[in-house]
Amino acid sequence: WNDLRGKKSIGIIARHADTGITEIAKPVGAVAAITPVTNPIVTPMSNAMFAVKGANAIIITPHHAAASSSAYTVRLINEALAKIGAPKHLVQILDVQSRENTRLLISRADTVVATGGAGLVKAAYSSGKPALGVGAGNVQCIVDSDVDLRTVVPMIVAGRAFDNGIICTGEQSVIAPRERFAELAKELEAAGAAVIEDEPRADAVRNALFDENGEMRRDPVGRSAYETAKAAGLDLPESTRVIAVVAKGPGREDVLSREKMCPVLSIFSYDDFREATDIAAQNLECDGKGHSVCIHSGNREHIEYAALNLNVSRFVINQSSSTNAGGSFFNGLAATNTLGCGSWGGNSISENLTWKHLVNISRIADCMPDNPVPSDEELWG
């Protein structure tokens with residue numbers, strides 16, 4: 001609400017005197033919104049806000065395992081809309097869930113918003129209708145040598161523990177200076193993380209999270225650190241917030257480089273900032289290319305080096321990624337639960353989805369007779 005308020009979204013929304021362009025926003029029509037099991041409440045909530053902001057109707061198609069919570073959310077939204085006299089049925093839900101019904105819905109809608117797995121996003125792009133899909137997250141968190149770890153590490157642990165690790169913006173790997181590893185481990189434990197350095201216990205975590213093909217198992221998804229530890233046969237305190245495992249190496253060298261949808265954090269060490277950026281790049285090739293990177297640094301040159309060399313759509317600086325990459329009071333990113341990953345992630349947008357993506361813009365182009373016209377020499381010289 002805070003991000004949307006005061007922004008005109010229907011009718012004449014802008015007049016540009018310098019170009020002679022007047023912009024008129026109009027609804028796209030009926031929006032179909034595919035919703036993941038991992039975010040069955042906040043994703044319908046924000047997508048419904050964006051749709052209604054653009055004077056559209058929206059139909060939510062939820063994951064079958066979370067249909068009841070999504071349906072309850074839609075009911076609450078409609079009760080609130082009724083109180084302010086909004087037209088009925090602006091926000092609807094496909095309450096008889098099946099793949100066939102979802103395919104039928106997205107083929108008939110005017111625009112499709114697809115938040116979920118790669119298969120769903122691909123189906124949306126194949127629907128024959130305009131589609132806005134988002135990719136998987138695997139947020140790499142680079143810690144520069146100049147930061148105060150007592151300040152930074154609690155943010156990283158809070159981000160990894162948030163919502164039991166299922167949110168796409170959550171920190172997945174911490175990449176820190178090698179000479180500060182002991183200090184990092186100490187601060188991780190002080191913040192409630194269990195640091196796993198020995199290979200037998202690290203392998204137990206790997207096997208609990210991933211199958212023999214390197215794919216994430218379903219059982220650990222959204223489980224607490226304590227429950228994940230039990231599944232791995234580890235005896236950790238029930239108060240454990242995050243399991244932090246030292247990785248064998250970046251990218252294909254260790255399956256822990258991939259996205260982990262539970263509160264498990266991978267630890268990587270580097271000798272210089274270029275190496276840190278390379279580790280992040282290798283990990284993103286496994287999962288999350290195009291999504292987000294988190295950097296804790298006071299060195300602007302380092303921040304911009306990473307931003308120039310890593311193919312992600314957003315860089316979250318000196319903040320917890322999990323609660324800030326989707327926009328917050330403390331940065332200028334659009335507030336959303338649907339984050340585009342650009343062509344790197346197979347998406348049509350490389351920014352945070354918001355109401356602007358759910359309106360069509362008509363443009364009045366007035367004649368500008370006094371505009372400078374280039375000479376033939378300037379054009380062809």
Side-chain angles (χ1 to χ4, degrees), residues 31-49 51 58-78 91-107 109 112-127 131-138 160-170 172 208-211 213-232 258-264 287-288 291 322 326 336-339 341 345-347 353:
V31 178
I34 301 173
T35 300
V37 66
T38 48
N39 278 291
I41 295 171
V42 293
T43 300
M45 177 195 73
S46 61
N47 286 341
M49 292 175 78
I58 184 169
I59 305 171
I60 310 297
T61 173
H63 190 282
H64 65 87
S68 59
S69 54
S70 292
Y72 181 59
T73 302
V74 169
R75 187 160 72 248
L76 293 176
I77 290 171
N78 281 320
V91 182
Q92 301 177 32
I93 187 164
L94 188 63
D95 55 358
V96 180
Q97 180 48 238
S98 71
R99 290 184 179 180
E100 182 56 36
N101 283 347
T102 295
R103 279 195 294 268
L104 182 61
L105 172 65
I106 64 178
S107 71
V112 181
V113 176
T115 312
L120 282 174
V121 174
K122 185 177 180 180
Y125 282 132
S126 303
S127 67
L132 299 158
V134 298
N138 186 23
R160 184 79 288 252
F162 182 78
D163 224 356
N164 277 352
I166 60 171
I167 191 166
C168 64
T169 54
Q172 292 279 342
L209 265 57
F210 296 96
D211 64 22
N213 298 315
E215 298 299 323
M216 178 84 188
R217 300 183 190 275
R218 291 189 178 188
D219 289 347
V221 174
R223 303 294 183 188
S224 68
Y226 176 70
E227 291 172 316
T228 303
K230 281 179 63 178
R258 300 196 64 182
E259 182 183 30
K260 303 163 289 293
M261 299 188 73
C262 58
V264 173
D287 268 332
H291 203 287
S322 72
T336 192
N337 291 291
T338 302
L339 293 83
C341 300
N347 302 160
L353 183 131

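Across Ile60, Asn47, Ile59, Val113, a single residue satisfies side chain to side chain contact (heavy atoms under 4.5 Å, CB included) together with Val31, and that is Val113.
For the atom pair CE of Met45 and CG of Asn39, the computed distance is 10.0 Å after rounding to the nearest 0.5 Å. Separation of atoms CD1 (Ile58) and CE (Met49) is listed at 12.0 Å; rounding is to 0.5 Å. Annotation: the span from Ser322 atom OG to Ile166 atom CD1 amounts to 11.5 Å, rounded to 0.5 Å. Rounded to the nearest 0.5 angstrom, Asp95 CG and Arg75 CZ are separated by 11.0 Å. To the nearest 0.5 Å, the span separating CD1 on Ile106 from CG on Asn101 amounts to 11.5 Å. With rounding to the nearest 0.5 Å, the separation of CG in Leu339 from NE2 in His291 is 5.0 Å.
Heavy atoms only, all atoms of each residue included: Asn78 and Val91 are closest at ND2-O, 2.9 Å. Of all heavy-atom pairs between Asn337 and Ser46, the closest is ND2-OG, 3.2 Å. Here the closest heavy-atom approach between residue Gly326 and residue Thr169 is recorded as N-CG2, 4.2 Å. Shortest non-hydrogen contact noted between Asp287 and Arg258 is OD2-NE, 2.9 Å. The two atoms that bring Lys260 and Val264 nearest to each other are CE-O, 3.2 Å, heavy atoms only. Between Pro263 and Ser224 the shortest heavy-atom distance is CG-C, 3.9 Å.
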### Query
Is there a side chain to side chain donor-acceptor pair (under 3.5 Å) between Thr35 and Thr43 once you walk through the steps?
CA-CA 7 Å; Thr35 300; Thr43 300; over 6 Å; no

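Looking at Thr73 and Pro40, their side chains never come closer than 4.5 Å, going by heavy atoms from C-beta outward. Using a 4.5 Å heavy-atom threshold, the side chains of Glu215 and Phe210 count as separate.
A distance-only check finds no donor-acceptor pair linking the side chain of Arg223 to the backbone of Asn164 [under 3.5 Å]. Asn347 places a side-chain N or O within donor-acceptor distance of the main-chain N or O of Gly345, the cut-off being under 3.5 Å. Formation of a donor-acceptor pair under 3.5 Å by the Ser107 side chain with backbone atoms of Leu104 is found in this model. Although no hydrogens or angles enter the test, the distance criterion places no donor-acceptor pair under 3.5 Å between the side chain of Asn138 and the main chain of Gln172.
When the side chain to side chain contact (heavy atoms under 4.5 Å, CB included) test is applied to Ala131, the partners found at least two apart in sequence or on another chain are Val112, Ala124, Tyr125. Glu227 is linked by a salt bridge (charged side-chain N to carboxylate O under 4.0 Å, His left out) to nothing, counting only residues two or more places apart in sequence or in another chain.
Within a 6.0 Å radius of CZ in Arg217, other residues, nucleotides and ligands contribute more than 12 heavy atoms.
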